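Below is one structure; the comments refer to it alone.
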Amino acid sequence: MSQPTTYAFFKGKFVPLEDANVNIMNNAFMYGTAVFEGIRGYWNERTEEMYLFRMREHFERMMDSMKIMYMEPRYSVDEFCRLTVELVKMNAPRVDTYIRPSAYKSGQKIGPSLENNPTDFYIFTVPFGDYFHGAGGLAVQISSWRRVEDNAIPARAKIVGAYANTALAKTDALMAGFDECIVLSENGHVSEGSAMNVFMVKRGVLITTPTTENILEGITRGTICEMAEAELGLKTVQRQIDRSELYTADEMFFCGTGAQIAPIISIDRRPVGTGQPGPISSKIKDLYIQVCRGDVPKYHHWLTPVYGKSEFSPSSSPKPETSPR
Ligand SMILES: Cc1ncc(COP(=O)(O)O)c(C=O)c1O
C-alpha cells in the first residue's frame, strides 16, 4: 500500500512536502535570514482530537520576529492559524505532532540586506514525541559559549541564523557527555538553555530569568508563570540569576515547546537538590501535559482542536484577561 502524501504550505499553496524546495541561492539559505516558530499538536486518544497548543501566541510572536527582520506580514495571525489547521487536517496525524511555520527572505541576490528582498512562507508538520528521552532528568553543563546579545542578533526574535549559536553550545554539551547546556549572557548572568527557558526553585519560589537577559520570551515560560501561581499557589519571580545560584538551587527545570517540562538533576556535575527530579518540577510537568492534551477544561482556551471532535471550541471558551508569554 502506498504511503499517504504529506503536504506542506509553501509559497501560498498546499503542495506535497517533497515539492517544497528552495533554490541554493535563496537568501535565507545563504544568510540565515528566516524566522520561525515551533508549535506542538497534542493527540488525545480519548477524544480522538488533535489540540494545537497556544497557536495564536506563536503566530503573534512570529509577527514580532518578522517585524524585526523587515518582513512584510502577508498573512494575518488569523490567516496563519487557519492555514495551519487546514494543513494539519490534510496530513491528518493521529500522534503528537510538531508544526514548523517560517517566514524567510527569498531573494537571490548576493548580499545579506533585508530590504528589496521578498518574503516567502512555509508550514510543515512532522510527527514528534519527546525531545528529551528518559524520565530520569537531565545532566546539564554551563556552556563556554555566550548567548547572542540583543544588539547582535535579538534573541526575542526566533531568527534562524541565531541557531548557529545554539548548535555550538548544544553540540559541545553533548560531546562532553551532558544532555543539555545553559548559556550565560555576556554579563555572566544566566540566560537560557539551547532552545528552552530555565527555571530554578529556591525555598519554594519559582525563579526564572528576565526577558532582558537575551532569552526567547517563551510561551511555555509564560504558561508556567500563570499556572504555577493559579494551580499550585507558587510565587514566581523574574530576575537576574547568577551562575553559582544554580549550584545551590533546590530544583531546576527547562521548559519549551519542544522540551516541554524537563527536570534538571545535575549542573556542572553538582547534583541539583537530591539529584532526582524535584517534587515541584514533577507537579508542573504533569499539570502541563494534562493542560496541553485537553484534560483540564479551565485551560481549553489555550487549545485549538483540529478535527472538530471536541466538545469545546476555542472561541466559545472564556479568554483570560491577560495571558503572559
Ligand atoms: C532559544 C529558545 N529559547 C526558548 C524556547 C522556548 O520557547 P517556547 O516555550 O515558546 O517554545 C525556544 C523554543 O522555541 C527556543 O528556541
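Since this is a predicted model, take the numbers as computed values, not measurements. Read the numbers this way: they start at 1 and go in the same order the structure lists the ligands and their atoms. Throughout, numbering of the chain's residues begins at 1 and tracks the sequence. As a basis for the values below, the full set of heavy atoms in this structure was taken, side chains included, without hydrogen atoms, waters or symmetry mates.
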Identify the protein atoms, limited to N or O, that lie within less than 3.5 Å of an N or O atom of ligand 1, and list each pair with its distance to 0.1 Å.
{"from": "ligand 1", "atom 1": "3 (N)", "to": "Glu192", "atom 2": "OE1", "distance (Å)": "2.8"}
{"from": "ligand 1", "atom 1": "9 (O)", "to": "Ile219", "atom 2": "N", "distance (Å)": "3.3"}
{"from": "ligand 1", "atom 1": "9 (O)", "to": "Thr220", "atom 2": "N", "distance (Å)": "2.9"}
{"from": "ligand 1", "atom 1": "9 (O)", "to": "Thr220", "atom 2": "OG1", "distance (Å)": "2.5"}
{"from": "ligand 1", "atom 1": "10 (O)", "to": "Arg61", "atom 2": "NH1", "distance (Å)": "2.7"}
{"from": "ligand 1", "atom 1": "10 (O)", "to": "Arg61", "atom 2": "NH2", "distance (Å)": "3.0"}
{"from": "ligand 1", "atom 1": "10 (O)", "to": "Ile219", "atom 2": "N", "distance (Å)": "2.7"}
{"from": "ligand 1", "atom 1": "11 (O)", "to": "Thr257", "atom 2": "N", "distance (Å)": "2.9"}
{"from": "ligand 1", "atom 1": "11 (O)", "to": "Thr257", "atom 2": "OG1", "distance (Å)": "2.5"}
{"from": "ligand 1", "atom 1": "14 (O)", "to": "Lys158", "atom 2": "NZ", "distance (Å)": "2.9"}
{"from": "ligand 1", "atom 1": "16 (O)", "to": "Lys158", "atom 2": "NZ", "distance (Å)": "3.0"}
{"from": "ligand 1", "atom 1": "16 (O)", "to": "Tyr163", "atom 2": "OH", "distance (Å)": "2.5"}

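The closest donor-acceptor contact from the side chain of Asn165 to the backbone of Arg146 lies under 3.5 Å.
The aromatic rings of Tyr288 and Phe53 sit perpendicular, their planes meeting at an angle over 60°, well past the 30° parallel limit. In this structure, Phe128 and Tyr131 have perpendicular ring planes: the angle between them is above 60°, well past the 30° mark. In this pair, Tyr75 and Phe121 present their aromatic rings perpendicular. The plane angle is above 60°, beyond the 30 to 60° band.
In this structure Tyr247 satisfies the side-chain hydrogen bond (donor to acceptor under 3.5 Å, both in side chains) test together with Arg243, Asp268, sequence neighbours excluded.
Ion pairing between a basic and an acidic side chain is recognised when a charged N comes within 4.0 Å of a carboxylate O; Glu57 and Arg61 show no such pairing.
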